[in-house]
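So the structure is just underneath, and the comments pick up after that.
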Amino acid sequence: MSLEIRENRGIFEILGRVSTQQIGALNSYFNAVLEQEDSIVVSLEKVTHFDSTAARFFEKLYQNSARQNKVVSLIGRQNSTLMEVFNSTKTNYILSPDRI
């Protein structure tokens with residue numbers, strides 16, 4: 001499954017593969033969303049593939065939004081595929097502690 005982003009009741013659900021090839025599209029998409037919104041929730045629970053570049057992208061998104069006084073809440077701790085990568089890249093601190 002390729003990358004798909006759905007907005008469902010204010011939560012941006014990412015489905016499919018998130019890797020180096022999709023980073024440009026994700027960056028453009030979330031930059032546009034953050035121009036309009038002060039706070040967003042991104043669900044990574046349905047991601048099927050995730051690499052270290054994706055983890056670094058979400059870390060950068062998280063940090064840049066904080067610098068702009070915006071909030072990006074990332075959920076997906078229940079996805080074991082994600083957690084392996086977030087733990088190995090030491091970026092797991094950006095994940096919200098619980099589902100929203």
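Residue numbers run from 1 in the order of the sequence given. We use all heavy atoms of the structure for the numbers below, so side chains are in, but hydrogens, waters and symmetry mates are not.
Looking only at side-chain heavy atoms (C-beta outward), L15 and K46 come within less than 4.5 Å of each other. Two residues are said to be in side-chain contact when any heavy atoms from C-beta on lie closer than 4.5 Å; V72 and F30 fail this criterion.
No donor-acceptor pair under 3.5 Å is formed between the side chain of S73 and the backbone N or O of S96. The closest donor-acceptor contact from the side chain of Q22 to the backbone of S19 lies under 3.5 Å. Using a distance-only test at 3.5 Å, with no hydrogens or angles considered, a donor-acceptor pair links the side chain of R77 to the main chain of L95. Side-chain N or O atoms of D51 include one that pairs as donor or acceptor with a backbone N or O of A54 at under 3.5 Å.
Atom NZ in K90 sits 13.0 Å away from atom OG in S52 (nearest 0.5 Å). Atom CG of L3 sits about 11.5 Å away from atom NE2 of H49, to the nearest 0.5 Å. The CZ atom of R56 sits 6.0 Å away from atom OG1 of T91, with the distance rounded to the nearest 0.5 Å. Atom-to-atom distance recorded for L26:CG and Q21:CD is 11.5 Å, nearest 0.5 angstrom.
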**OP:** List the steps and the verdict of side-chain contact (heavy atoms from CB on, under 4.5 Å) for V18 and F58.
**Re:** CA-CA 11 Å; V18 181; F58 282 107; 4.1 Å; yes
Original post:
Does the pair I75 and V41 meet the rule for a side-chain contact (heavy atoms from CB on, under 4.5 Å), with working shown?
Top reply: CA-CA 7 Å; I75 56 176; V41 176; 4.1 Å; yes
**OP:** Test T53 against F57 for side-chain contact (heavy atoms from CB on, under 4.5 Å), laying out the working first.
**Re:** CA-CA 6 Å; T53 305; F57 165 76; 5.7 Å; no
**OP:** Take N79 and V47 through the test side-chain contact (heavy atoms from CB on, under 4.5 Å) and record every step on the way to the result.
**Re:** CA-CA 8 Å; N79 185 332; V47 170; 4.1 Å; yes
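By the side chain to side chain contact (heavy atoms under 4.5 Å, CB included) test, N92 pairs with M83, F86, N87, sequence neighbours left out. In terms of the side chain to side chain contact (heavy atoms under 4.5 Å, CB included) criterion, residue partners of K70 (sequence neighbours excluded) are, by chain and number, L34, D38, S65, Q68.
Residues V85 and F50 approach most closely at CG2-O, 3.3 Å, considering heavy atoms. Listed here is the closest heavy atom pair of A55 and I94: O-CD1, 4.5 Å. Pairing each heavy atom of L74 with each of L44, the nearest pair is CD2-CD1, 4.5 Å.
Of the N and O atoms on the side chains of T81 and E84, not one donor lies less than 3.5 Å from an acceptor on the other residue.
Residues Y93 and V71 are members of separate hydrophobic clusters, defined by side-chain heavy-atom contacts under 4.5 angstrom among Ile, Leu, Val, Met, Phe, Trp and Tyr.
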